[in-house]
**Q** 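Structure below; questions to follow.
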Amino acid sequence: MNTSSTPSDFLRTIISRDLAQGNISDVVVRFPPEPNGYLHIGHAKSSTLNFGLAAEYGGRCHLRFDDTNPETEDQIYVDSIKQDLRWLGFDWGEHEYYASDYFETLFEWACQLINKGLAYVDDSQENLIRLMRGGVTTPGVHSEFRDRSPEENLELFHAMRSGEFQDGSRVLRAKIDMSHPNMKMRDPLMYRIRHATHYRQGDQWCIYPFYDWAHGQSDAIEGVTHSICTLEFSTNRILYDWYLDALEISARPRQYEFARLNLDYHVTSKRRLISLVQEHVVDGWSDPRMPTLAGLRRRGVRPEAIRSFCQSIGTTRVDSSHHPSLLDHHIREDLNHLAPRIHCVQDPLPVTLSNWPNDHVESLSAPYWPHDIPREGSRTLPFSGELFIERGDFSEDPPKGFKRLTPGGIVRLRHAYMIRCTNVEKDDHGHVTRLVCEWIEGTQSGTKDSDLKPKGTIHWVDVHNSSEAIVRVYQQLLSVPSVEDDLWSSLNPFSLIEHRHARMEPSVTQDSLDQRYQFVRLGYYWRDGTCADSEKPIFNCIVALRDSSVKKDASSQPSQTQVVKDKTLQKKSTADQRPLTPNEEQWLRRSGLNRAVGLAIYGVSEAVAFFDAASASAPRVSVGNWMANHLLPALKDQSISDLPFGPNEFAELVQLADREIGSAHEIRETLKRMFDTGEHPAVLLSTIQESFVSDPETLKEIALEVLHEYEDRVEAYANGKVGLLGFFIGQVMRRVHGHANPKLIQEIVSQELARMTS
RNA sequence: UGCCCUGUAGCUCAAUUGGCAGAGCGCCUGGCUCUGGACCAGGAGGUUCCAGGUUCGAAUCCUGGCGGGGCAACCA
């Protein structure tokens, strides 16, 4: 199976830390689909993440239906989502929840916000509200209803609930900040009026909460600790926190975002999937070409493959798109040890063996498994003078490297004999209709090697002892990696290839209907469950075998030349620096600092005065560097005057660094502690250094330990790879957990190195 | 144009939190084989987006720039 190394990603880092620091005692996550469609491969990523996290950390994962929009949601989707999740192998126990079950609580909480003056009823029209929100660079304006009293708001809100108003006539909004740089904070809507029947709550409600108002609160109600959603919600996080803070409830879930799954050559947007179904481009939601779990399932993909695919792609915050070959790889890996090998000829070409004894039928025994798979079992393969081979396995005019049958050439029929092609029969159009071949006696599979060297081995079936079948081979739905402008022109016209006259070997009739096979040299297949009543059996191709003979088509990985990744472009754009103002120029000249450092200081209020004061007793350049690189960035929101220390203490710190009383690492640590305690730098530094390994003998011991452990590298060092000095220092540093002076280590390591290699 | 996120091998991700830039997939070569599969061995592929700075040492910290994505639904 695939590499079982436990995945490491930013979420696991966060959760491990929360657990270690005691921020939480149990991990509670949730998978929150809206029941308005079928689950697809993207949901598989999200659900394996959440259910996987819960399992790994011994926590739990809730299934919550985010059903706050009565107009699009339906029980059939609830049912299909549950079915798909169970199929994937996930178990949520009794933790099945519905956001709509929280409507009453949400309503009460909204009233609380109204009472606090943090929410108001707005009678403005929809498009006016939109207009008044402003744009990304222009602030919004206040609604004329923004300053209604809590009493009036409460009364109106209750009237909204009791159905006194029409759809769209009023909304409840949070009262935040109409000029907030984040658009989501410009008095977001909390409730709309919708006189619609909810699939679960019926006509109980005519006001419905929006996502932002419902989601975080639902998380809090359920005790969710980590609320993991996709990247497009990252701008919503600030609102998520605002609502929870405003409510002052004890439960405190946190939202984290990760990148959704994109699969090249597949349609992933729900809207487009719907139109494919509605326009009958595909055979419903479970068409084997669809990226829905229902489609994947019908195609024959097993949940194990989907889960291992999802684990292998990792979890990041980077928008990325995956090539389907990776999914294919996991499907094959799953099926390789599971699917017995049988013969199927998809596109039959008749072959007559001219010298085969008349009417003789030989029963050959053929193992189901190749030598490298440790499984037992075989079946009987009837063999006579009338056979079918794959049309593509014969070529009159073979390309270079063709390893199959050619006029006059020899191939082995798998599990049977070698044959030589002696004659090619064609119709009036020059189309090959039949091959006449010579049976080569004594070449049966398993017998001693003959001198003959077949070009290759091909599969076959017996004409009179085989059955017809329909075989469907699928390719990606799109002919381009992603839909550009128009879905219809992006569709791959060859996404379904149907072989109506395929021939199967006879053993198949004895197998159970849900058996998955490898059709030798073709791929993995199984019977289409939805067509059980069809006259001929219908087989779906689950995934083709890897095929290094095929010319790569449009869906192959991009070639190196195709991908320039705009690197040249990026290079060209040298950092054009903005011109300086006269004041800035004067400041730079006066301070004697370089541009970057100088401007960093100039841009922060009080920083110039701080710099001037500090540089009275310490070198200006050092003061500048330490300020720009370490002091100012650590400031975050607070201002310089809030610091528990002043410029004089800072100057002392800089001097400690300058006189090499402390290493850069130690000085940084000292500064960090000054932020917390405000204590004197020299005192802090000496306590830090006390815990340091400063005894040269001890360090020498450790250095020798390292050098012995990495003898090969010492040799490489001796041979001129002097850059390894840094590596040795690093290793010693690691062993003392950073608690030592690097310059001292360098001295010692260099000495020992010189001794060893001289 | 405002705010937020994000740039590591062709692709997707790692890198013990400042210490030798690695893995899987894909690709190429060889071996094995009665599957152009699987398996085994090897290989190519990197200016860690760019330019500066701090440091004994930077993919990692700082400044500036460039590229990509998201946000202005009475959807979620």
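Note that the structure is a prediction, hence the values are computed from the model and not measured. In the text below, chain A, chain B and the rest are named by the order of the sequence lines, each starting its count at 1.
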**Q** Consider the side chain of Ser325(A), meaning its heavy atoms from C-beta on, and name the nucleotide among C13(B), G37(B), C25(B) that approaches it most closely.
**A**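 Nearest to the side chain of Ser325(A) among the choices is C25(B).
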**Q** Any salt bridge linking Glu660(A) with Lys743(A)? Criterion: basic side-chain nitrogen under 4.0 Å from a carboxylate oxygen.
**A**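 Yes, charged N to carboxylate O under 4.0 Å.
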**Q** Rounding to an integer number of Å, can you tell me how far Arg237(A) CZ sits from C3(B) P?
**A**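 The answer, rounded to whole Å, is 16 Å.
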**Q** In whole angstrom, give the distance that lies between atom CZ of Arg260(A) and atom P of U6(B).
**A**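 Roughly 17 Å, once rounded to whole Å.
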**Q** Check whether Phe165(A) forms a cation-pi arrangement with Arg170(A) (NZ or CZ under 6.0 Å from the six-membered ring centre, at most 45° off the ring normal).
**A**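 Arg170(A) over Phe165(A) ring: yes.
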**Q** Given atom CG of Leu326(A) and atom P of C25(B), what is their separation to the nearest angstrom?
**A**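 Result: 9 Å.
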**Q** Does the protein touch nucleotides 71-76 of chain B at the base, only the backbone, or not at all? Give it as B, S and - per nucleotide, heavy atoms under 4.0 Å.
**A** SBSBSB
**Q** Taking atom P of U35(B) as reference, at what distance in whole Å does atom CZ of Arg412(A) sit?
**A**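 For the pair Arg412(A) CZ and U35(B) P, the rounded distance is 10 Å.
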**Q** Take atom CD of Glu333(A) and atom P of C25(B), then tell me their distance rounded to the nearest Å.
**A**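 Going from Glu333(A) (CD) to C25(B) (P), I get 8 Å.
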**Q** Does the side chain of Ser8(A) get closer than 4.0 angstrom to OP1 or OP2 of A15(B) through an N or O atom?
**A**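 Result: yes.
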**Q** With respect to the side chain of Ser548(A), which nucleotide from G36(B), G53(B), G26(B) is positioned closest?
**A**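 Among G36(B), G53(B), G26(B), the one nearest the side chain of Ser548(A) is G36(B).
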**Q** By nearest atom, which of the nucleotides U55(B), C62(B), G68(B) is closest to the Pro633(A) side chain?
**A**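 In terms of side-chain proximity for Pro633(A), the closest of U55(B), C62(B), G68(B) is C62(B).
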**Q** Checking all strands, does Gln731(A) fall into the base, sugar-phosphate, or nothing category for heavy-atom contacts under 4.0 angstrom?
**A**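 Sugar-phosphate: the residue Gln731(A), judged by heavy atoms under 4.0 Å, touches backbone atoms but no base.
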**Q** Nearest to the side chain of Met733(A) - G19(B), G37(B), C62(B)?
**A**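 Nucleotide nearest to Met733(A)'s side chain: G19(B).
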**Q** Asn594(A) has a side chain; which of G53(B), U35(B), U1(B) sits nearest to it?
**A**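 For the Asn594(A) side chain, the nearest candidate turns out to be G53(B).
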**Q** Distance-only, no hydrogens or angles: does the Arg186(A) side chain make a donor-acceptor pair with backbone N or O of His180(A) under 3.5 Å?
**A**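 Such a contact is found between Arg186(A) side chain and His180(A) backbone.
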**Q** Does any N or O in the side chain of Thr443(A) come within less than 3.5 Å of the main-chain N or O of Met418(A), such that one atom is a donor and the other an acceptor?
**A**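 Checked: pair present.
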**Q** Answer yes when Lys270(A) and Glu34(A) have at least one side-chain N-carboxylate O distance shorter than 4.0 Å, and no when they do not.
**A**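 Here Lys270(A) does not pair with Glu34(A) in a salt bridge, since their nearest N and O are not under 4.0 Å apart.
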**Q** Could you check which nucleotide pairs with C13(B) in any of the strands shown, counting Watson-Crick or G-U wobble with both distances under 3.5 Å?
**A**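 Across any shown strand, C13(B) pairs with G22(B).
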**Q** Out of C56(B), U6(B), U35(B), which nucleotide sits closest to the side chain of Val318(A)?
**A**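 Of the candidates, U6(B) comes closest.
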**Q** Between Asp177(A) (CG) and G2(B) (P), how many Å, whole number?
**A**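 Rounded to the whole Å, the gap is 18 Å.
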**Q** Let's see if you can work this out: which of C13(B), C25(B), G37(B) has an atom nearest to the side-chain heavy atoms of Arg341(A)?
**A**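 Closest nucleotide to the Arg341(A) side chain: G37(B).
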**Q** Which nucleotide in the list U54(B), G68(B), G36(B) gets nearest to the side chain of Arg521(A)?
**A**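 The listed nucleotide nearest to Arg521(A)'s side chain is G36(B).
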**Q** When rounded to the nearest 0.5 angstrom, what distance separates CD1 in Ile440(A) from CD1 in Ile410(A)?
**A**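 It comes to 4.0 Å.
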**Q** From the set U54(B), G53(B), G37(B), return the single nucleotide nearest to any side-chain atom of Arg546(A).
**A**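 Closest nucleotide among those given: G37(B).
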**Q** Applying a 3.5 Å limit to both distances, which nucleotide forms a Watson-Crick or G-U wobble pair with G2(B)?
**A**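 With both distances under 3.5 Å, G2(B) matches C71(B).
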